[in-house]
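Numbered from 1 within each chain, the chains take letters A, B, ... in sequence-line order. These numbers were taken from a predicted model, which means no experiment stands behind them.
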Amino acid sequence: MSTAQILPGTLELLILRAVSFGSLHGYGVLRRIELLSSGAILIEEGALYPALWRLERQGLVSAVWGTSENNRKAKFYSITPKGKARLGEQVAAWDRLVDAMDLVLGKKVTA
Amino acid sequence: MSAAFARLAAWLRRVTGRERFEDAMSEEIQHHIELQADDLEAGGLSRSEALRQARLKFGATEKYRQEGREVSVYRVFDDLHADLRDAYRGLKRDRSFTVVAVSVIASVLAANMVLFAFLDIFFFKPLPIEGALRHVELSARDAEGRWASAWPLNEALALIAADNPVIEKGYGVAIRRSIVAGPELKRAYVEVVTPSFFDLVKLEMAMGRPLSNAANVPAEPAIMLSHTGWERLTGSDPDVIGKPLLVDGVSLTVVGVLAEGTGGLDPVTPEFWVLAGAADAPARGATNYTISGLLREGVSEEQAASAFTSILRAMGPRTGLAPDTLQARVEKRTTLLRESRDVEPLAYALIFLFGLVTAIAAANLTSMHLARAMARRHDISIRAALGASRGRLIRHLLTEGLVVSIVAGFLAWGLSLLSVAAVQGVVFSLVTDAGMSMLPVAVDARIVTAAFLLAIVVGVGCSLLPALQTTQMKTTIVLKRDGLFLSGAMSVGRLRSVLVVLQVALSLPLLVSAGVLVRSANKATQVNTGYDLDGLVALRAEPPSTALIDRLRQRPDVRGAAAVAQTPLAGDMARVSVRSDGHEAALNTNIVDEHFFDTIGISVRQGRGFYPHETTAQAPVAVISEATARRLWPGATPLGRSLQIEEGDTPGIYRQYEVVGVVADVMSGFFFRGLDASAIYRPGSLASGAASQILLRLDAEDPASASSLKSACAESGVLCDPVTFRKLLAMQRVPFSVASLIATSLGILALGLACLGLHGLVRFAALQRSREFGVRLALGATRGQILFKVLGESVGRVGRGILVGLPLSLGLSALVASRIRIKVFESFDPVSYSAVPLLLLAAAIIASLWPALRAAATDPIRALREE
């Protein structure tokens with residue numbers, strides 16, 4: 001599968017989706033997104049962290065310091081109830097966008 | 001210095017958690033890179049190569065750390081730090097703007113701080129007692145218009161008895177002017193107080209103890225000195241406790257000295273206190289006591305008045321009022337100034353004037369910020385193009401205003417500390433000669449805090465409009481020659497012109513009021529008293545005696561000597577009820593001996609003066625002034641007519657007098673009342689005890705005469721203190737002198753600010769229009785024409801300001817005229833109203849001359865080349 005650059009504004013959605021499965025450190029979030037997209041979505045690695053910190057500041061994810069699998073000190077991120085609600089909203093918005101694009105591109109016909 | 005700042009910055013980073021935050025970001029990023037390197041190493045790369053590639057994959061670390069800072073709580077501090085740094089650099093670059101802006105704010109702020117320091121202590125600060133908000137004073141009046149606010153000691157003690165149902169901690173105070181003997185004789189301002197005074201007023205002692213507050217009568221023959229009294233009367237003697245002080249010829253023991261800055265409950269601090277009922281003078285001479293105390297909890301002023309009405313009525317005629325119609329009044333006095341309700345309008349008037357000056361300064365500052373915004377328009381547009389939001393740009397511009405305000409605040413603080421001392425020295429020096437001292441005025445923490453807040457509001461507020469307009473500009477807009485535009489298409493130049501007009505308009509009433517007050521103060525020095533003041537001396541003698549006055553008459557330098565009850569110009573004459581031909585009126589009266597009219601120089605117009613036997617016997621004859629004659633018997637001769645004059649001590653009891661003479665009208669009371677509206681002179685002498693003040697007419701007003709008079713008194717075993725009539729008149733003029741000093745200072749400040757604003761505007765306009773002037777010169781205009789054009793525009797602006805300011809000034813004059821009726825005070829003074837506009841126009845020309853000359857000296861070739 002060819003890789004795709006993420007659309008602007010979708011990094012937040014991807015991060016929330018990734019941490020919704022369980023708490024992860026930053027590198028883990030990156031790997032999960034790659035896994036979930038089967039390697040199709042490439043994220044600029046450094047750009048992940050300002051997004052994570054922004055989400056933490058907004059209360060959509062929470063973070064605690066712990067020890068990673070390789071015995072290093074790491075910061076683990078988990079989705080909060082507010083984050084879950086935001087994830088739901090953004091997924092719904094994405095679905096609406098996709099439906100609209102499909103209609104425009106002729107991939108879908110209105111009933 | 002930079003090392004110190006670096007250490008301070010490091011400490012701040014530690015205490016605010018900033019260091020932990022930065023470390024956490026670094027750790028997280030490092031963790032990511034290492035995990036990435038682990039994966040790459042597992043793929044076969046060496047550790048060093050894996051780390052190198054991991055770092056490359058991660059991207060620009062510092063860029064992401066900076067993005068992290070921007071989403072953190074520290075962004076606010078980072079922005080503020082950046083703004084402060086930029087503001088410092090910008091202000092350092094534009095030194096002239098910085099110096100002028102700081103000076104404008106600091107000068108106005110310092111003036112306000114000094115004003116509020118004075119107002120605070122006299123008008124706003126509560127009395128330094130517990131329960132100050134319940135502090136009240138008693139007065140009473142009857143249906144005939146007689147008024148009493150002080151009572152003899154026995155009545156006073158009865159009124160403040162401990163079982164009084166409506167007030168507690170009641171006390172009585174009487175004021176006395178005593179003569180204290182030392183290396184030289186000095187007059188002292190004394191308070192005689194009831195023992196209960198010290199139940200209410202807690203005094204801080206520097207030495208010794210307070211006067212005993214036991215209710216013992218007769219009280220101990222002792223005095224308690226104020227700090228000023230200790231300095232002035234004892235030369236700051238450190239061993240003064242237990243020493244005697246000769247007061248009015250009687251020895252009193254000093255038992256205590258108050259700490260500096262503490263005093264009684266009046267703005268004038270007495271030099272010492274004596275307990276009422278003390279066996280010896282000065283308490284002996286003090287007859288009437290004002291009554292004050294605290295309202296009991298739950299008691300209103302009306303309830304207290306009703307209770308006191310009953311108590312006073314039960315006392316009968318001893319109160320000096322008709323018992324049947326007597327009504328007591330209980331009024332709150334919560335600040336130092338007595339009758340503060342009457343003088344509060346003065347405080348508000350002063351606040352208004354200072355507010356005008358502050359408004360002028362604000363207009364000036366706004367104009368300067370507008371000019372600065374114009375100069376920075378390219379800088380701001382570049383910042384906007386680089387992504388700065390409008391809010392961020394506004395904050396950046398307001399930070400400059402904030403820095404200017406804070407620097408100005410500190411400068412104003414220093415200026416105010418110096419000014420308060422100087423102003424206090426000038427104002428209070430006028431009363432210290434009379435043996436009075438005022439409580440020290442200080443710029444305290446509350447005033448400083450309020451000043452800094454005002455500085456921030458003015459400094460930031462005045463930079464807000466320019467900030468809003470500067471940031472409204474889009475980078476793609478081609479700017480017109482004169483720069484920014486408001487939504488209503490008013491250019492910056494036009495807006496600055498409006499601000500200058502506003503400054504001139506607000507300066508006009510200030511300058512007019514200064515002119516009015518200066519002229520009033522000047523007129524006050526030229527009042528016609530109706531007699532020659534040269535050589536006239538009032539001699540306060542203790543005790544006054546016939547032998548003394550006879551001895552003084554023998555002196556070759558004494559042309560005349562008289563005895564009188566009330567010294568002219570030392571206060572209003574006594575007003576008593578007078579009946580004549582069925583009419584009744586309250587008229588001024590005085591008791592004088594047979595030498596009075598000759599000594600003062602009052603000519604007898606009809607009839608005669610008094611004979612010696614009449615003054616000795618206090619015969620039932622009277623001499624009246626011409627004004628009194630016109631009032632009582634218009635068009636008819638008053639000689640031989642009868643008057644019934646109420647006896648001062650017994651209301652309702654009238655004594656009949658025959659008019660034997662008519663004298664010229666003179667001024668006996670306050671100068672601003674002019675010549676006496678009425679005057680009835682009754683006979684009395686030192687011997688009869690009715691007249692206790694001695695007046696002398698000396699050959700020359702030579703200071704040596706004053707000391708020789710004191711020596712002559714001492715030879716008679718009498719203490720005396722001479723004061724010239726000119727000095728008495730000068731004392732009356734103190735409020736006018738102070739008011740004219742304040743108004744003139746404010747007027748000069750306002751004029752300076754308006755000129756500064758005008759100068760800046762003309763300079764700005766000349767720069768903006770250099771191309772226009774170049775074209776005009778190229779087309780044949782002369783430099784003189786350019787000069788007159790620029791000056792003419794300045795004069796036009798000031799003219800518009802005068803037109804706007806005149807109605808404001810006239811309105812204020814009308815308001816003042818309705819409140820103040822003083823003969824020498826002419827609110828609509830034509831000279832002031834004519835001179836001030838001319839002064840403003842002249843100032844406009846001077847302020848605009850240099851930039852106008854620069855404009856006229858424009859090089860047309862250079863100007864036309866410039867884009």
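With B:Ser389 contributing its side chain and B:Arg392 its backbone, the two residues share a donor-acceptor pair below 3.5 Å. Not one N or O on the side chain of B:Ser463 forms a donor-acceptor pair closer than 3.5 Å with the backbone of B:His369.
Of the residues considered (B:His32, B:Gln66, B:Lys63), B:His32 shows the highest number of contacts with chain A, using heavy-atom pairs under 4.5 Å. Interface check for chain B: of the options A:Lys75, A:Arg57, A:Glu56, the most heavy-atom pairs under 4.5 Å are formed by A:Arg57. Contact count versus chain B (heavy atoms, under 4.5 Å) is highest, among A:Glu45, A:Arg31, A:Lys73, for A:Glu45. By number of non-hydrogen pairs under 4.5 angstrom with chain A, the leading residue of B:Arg65, B:Met25, B:His31, B:Glu27 is B:His31.
With a 4.5 Å cut-off on non-hydrogen atoms, B:Thr61 does not touch chain A at all. Both the backbone and the side chain of A:Ala47 come within contact range of chain B, judged by heavy atoms closer than 4.5 Å. With a 4.5 angstrom heavy-atom cutoff, B:Ile33 does not touch chain A via any of its atoms. Using a 4.5 Å cut-off between heavy atoms, B:Gln30 makes no contact with chain A at all. For B:Ala60, no part lies under 4.5 angstrom from a heavy atom of chain A.
Checking A:Arg17, A:Arg54, A:Arg86 one by one against A:Glu12, the side-chain hydrogen bond (donor to acceptor under 3.5 Å, both in side chains) holds for a single residue, A:Arg86. With A:Ile33 as the fixed residue, the side chain to side chain contact (heavy atoms under 4.5 Å, CB included) test singles out one of A:Val29, A:Leu35, A:Leu30, A:Leu36: A:Val29. With respect to B:Asp86, the salt bridge (charged side-chain N to carboxylate O under 4.0 Å, His left out) criterion is satisfied by exactly one of B:Lys92, B:Arg93, B:Arg383: B:Arg383.
A:Glu44 and B:Tyr64 share a donor-acceptor pair across their side chains, judged by distance under 3.5 Å alone.
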Next on the checklist: Does B:Arg376 form a salt bridge (charged side-chain N to carboxylate O under 4.0 Å, His left out) with B:Asp94? I'd like the steps, not just the answer.
Outcome noted: CA-CA 11 Å; B:Arg376 293 193 63 190; B:Asp94 195 349; over 6 Å; no
